[in-house]
Amino acid sequence: MPELPEVETSRRGIEPHLVGATILHAVVRNGRLRWPVSDEIHALSDQPVLSVRRRAKYLLLELPAGWIIIHLGMSGSLRILPAELPPQKHDHLDLVMSNGKILRYTDPRRFGAWLWTKALEGHSVLAHLGPEPLSDEFSGTWLYEKSKRKKTAIKPWLMDNKLVVGVGNIYASESLFAAGIHPDRLASSLSVEECCRLAQTIKAVLLRSIEQGGTTLRDFLQSDGKPGYFAQELQVYGREKEPCRVCGTPVSAGKHGQRSTYWCRHCQR
DNA sequence: CAGGCAGCCTGTCGGC
DNA sequence: TGCCGACAGGCTGCCT
């Protein structure tokens with residue numbers, strides 16, 4: 001579910017409540033997530049939080065003894081709440097903080113993860129990730145160089161974490177619309193100009209969504225419990241048969257793999 | 001090796 | 001009203 005803007009929104013929301021506070025302990029109500037919650041997280045005690053960072057769609061809590069790696073999966077969200085608030089059905093894990101608050105993890109589908117590592121370097125979930133989309137390393141040149149021999153459709157390829165991280169199913173469709181590129185185009189067919197335009201629109205769409213607090217379709221909540229507001233600005237995602245906001249042509253929908261894709265057949269070539 | 005897709009889970013929605 | 005299948009923001013791992 002959450003793509004980069006939702007994860008970054010969560011990071012910004014929780015950071016001021018965690019950094020400078022101490023984790024007293026964790027309450028794990030259901031540790032059966034994508035992988036079992038690490039033993040070290042069950043055993044946490046009196047660990048100050050040094051920083052809250054993000055790499056791709058992973059949130060990283062830096063503690064003196066190591067790092068908590070959090071992934072929100074498809075339906076996860078994190079909220080800062082008063083410690084006494086009773087948990088509900090899918091509230092699987094709390095970090096109980098020294099400042100009277102808790103960081104509560106909610107995830108109906110349990111595709112998320114809470115892992116522990118002493119060092120980030122070389123950890124299996126982080127080791128093979130491509131560049132951050134908002135970094136200078138991710139550019140039209142990078143896209144073009146990587147695309148030359150790629151015989152995959154551009155849309156599913158944008159979601160390949162080895163190419164660039166953080167672009168999921170919503171923002172792949174939205175970025176291609178903004179760049180005027182048809183999602184079925186083979187990656188190898190893109191010109192260097194198109195790659196530059198696409199890299200630029202990916203950055204712009206992600207930045208705008210972060211400004212709006214991400215996209216809430218059903219589950220996602222910002223850490224204060226509010227939804228993200230970028231859903232109102234979606235151009236094509238989830239808008240099958242509705243008029244294109246630019247030209248009025250009904251929005252098309254299809255599949256790449258098992259994932260829905262949306263596009264405007266007039267604006268995207 | 002690249003590409004495609006099943007599977008992990010629960011909830012919701014639409015059609016019959 | 002109820003049942004059943006399809007689908008949902010991600011990612012790994014197995015198969016061709």
Side-chain angles (χ1 to χ4, degrees), chain A residues 1-11 29-37 54-59 69-78 88-93 105-115 123-130 133 146-176 183-188 202 205-206 209-210 212-222 227-241 253-262:
Chain A
M1 88 125 275
E3 304 182 35
L4 187 142
E6 292 73 39
V7 178
E8 180 60 22
T9 295
S10 297
R11 193 197 68 75
R29 290 180 209 86
N30 187 348
R32 290 171 301 147
L33 304 182
R34 175 175 187 101
W35 299 284
V37 170
R54 179 188 60 72
R55 171 72 173 111
K57 296 172 192 166
Y58 296 93
L59 286 168
I69 302 175
I70 304 169
H71 197 287
L72 302 178
M74 291 275 267
S75 58
S77 58
L78 291 166
Q88 298 191 288
K89 189 171 181 185
H90 300 296
D91 295 343
H92 305 309
L93 197 157
Y105 174 68
T106 306
D107 185 2
R109 293 176 74 181
R110 290 193 279 118
F111 284 1
W114 280 68
L115 301 173
H123 190 280
S124 58
V125 301
L126 304 175
H128 304 292
L129 296 174
K146 299 282 281 185
S147 71
K148 282 178 180 169
R149 273 174 293 171
K150 265 287 160 186
K151 293 189 300 183
T152 319
I154 183 67
K155 188 267 184 170
W157 190 51
L158 287 182
M159 297 166 65
D160 181 344
N161 281 336
K162 291 191 283 299
L163 174 70
V164 60
V165 300
V167 180
N169 204 38
I170 296 178
Y171 300 110
S173 282
E174 291 296 310
S175 301
L176 285 166
D184 288 339
R185 289 272 303 278
L186 294 189
S188 57
I202 287 170
V205 167
L206 294 176
S209 182
I210 292 169
Q212 294 299 300
T215 301
T216 295
L217 295 181
R218 42 174 62 78
D219 298 307
F220 179 70
L221 297 174
Q222 301 189 51
Y229 299 105
F230 193 69
Q232 300 164 22
E233 298 187 23
L234 294 175
Q235 301 295 303
V236 288
Y237 186 87
R239 298 191 64 244
E240 182 178 12
K241 296 179 182 157
K255 292 260 181 203
H256 288 96
Q258 298 128 288
R259 314 303 298 279
S260 298
T261 304
Y262 300 87

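Quick note on labels: first sequence line is chain A, next is B, and so on, each numbered from 1.
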Closest heavy-atom pair, A/G166 versus A/N161, reported as atoms and distance to 0.1 Å, is N-OD1, 4.1 Å
A/E240 CD to C/dC7 C1', in whole Å, measures 13 Å
Here the gap from A/S10 atom OG to A/L78 atom CG, rounded to the nearest 0.5 Å, amounts to 5.5 Å
Between A/H256 and A/D184, is there a side-chain donor-acceptor contact under 3.5 Å, judged purely by atom types and distance?
yes
Using the C1' atom as the reference point in each nucleotide, state the distance between B/dT10 and C/dT1 in Å, no decimals.
22 Å
Quote, to the nearest angstrom, the C1' distance that separates C/dG9 from B/dG3.
23 Å
Spacing of A/F220 atom CZ relative to C/dG10 atom C1', expressed in whole Å
15 Å
Heavy-atom side-chain contact between A/Q232 and A/Q212 under 4.5 Å
no
Please name the nucleotide paired to C/dT1 by Watson-Crick or G-U wobble geometry with both distances under 3.5 Å, or report none.
none
First of A/P108 and A/P156 reached from the 5' end of DNA chain B, by closest nucleotide:
A/P156
Round to the nearest Å and state the distance from A/D160 atom CG to B/dA2 atom C1'.
10 Å
Nearest-nucleotide comparison on DNA chain B, the residue closer to the 5′ end among A/R218 and A/R34
A/R34
CD of A/E6 to CG of A/L72, rounded to nearest 0.5 Å, is 9.5 Å
Write down the partner of C/dG9 under the Watson-Crick or G-U wobble criteria, each distance required to be under 3.5 Å.
none
With the side chain of A/H90 defined as its heavy atoms from C-beta on, choose the nearest nucleotide among C/dT12, C/dG10, B/dG11.
B/dG11
Regarding the side chain of A/T152, the nearest nucleotide among C/dA8, C/dG10, B/dG3 is B/dG3
So, is A/K151 near the phosphate of B/dG4, with a side-chain N or O under 4.0 Å from OP1 or OP2?
no
Once you round it to whole Å, what is the distance between P of C/dG9 and CG of A/L4?
17 Å
Closest non-hydrogen contact found for A/N169 with A/E3 is N-OE2, 3.3 Å
Considering every strand and a 4.0 Å limit on heavy-atom distances, what is the contact class for A/K89: base, sugar-phosphate, or nothing?
sugar-phosphate
For A/E174 and C/dG9, what is the distance between atoms CD and P respectively, to the nearest whole Å?
12 Å
How would you label the contact of A/R259 with the nucleic acid (heavy atoms, under 4.0 Å): base, sugar-phosphate, or nothing?
base
When the distance from NE2 of A/H256 to P of C/dA8 is rounded to whole Å, what number comes out?
14 Å
So, do A/F111 and B/dC8 meet the stacking rule of ring centres under 5.5 Å and planes under 30°?
yes
What is the ring orientation for A/F230 with A/Y171, classed by angle as parallel under 30°, tilted 30 to 60°, or perpendicular over 60°?
tilted
Tell which nucleotide pairs with B/dC9, taking only Watson-Crick or G-U wobble pairs whose two distances are both under 3.5 angstrom.
none
Rounded distance in Å - CH2 (A/W157) to C1' (B/dC5):
20 Å
Which part of the nucleic acid does A/N161 contact within heavy-atom distance under 4.0 Å: base, sugar-phosphate only, or nothing?
sugar-phosphate
Taking pairing as Watson-Crick or G-U wobble with both contacts under 3.5 Å, can you name the mate of C/dC14, or confirm there isn't one?
B/dG4
Looking at every strand, decide which applies to A/R110 at a 4.0 Å heavy-atom threshold: base, sugar-phosphate, or nothing.
sugar-phosphate
Looking at C/dG9, B/dT10, C/dG10, which one has an atom nearest to any side-chain atom of A/R109?
B/dT10
Round to a whole Å and report the spacing from CD1 of A/I170 to P of C/dA8.
11 Å
Give the nucleotide from the list B/dA6, B/dG3, C/dA8 with an atom nearest to the side chain of A/Q258.
B/dA6
In whole Å, measure the gap between the P atoms of C/dC11 and B/dG11 for me.
22 Å
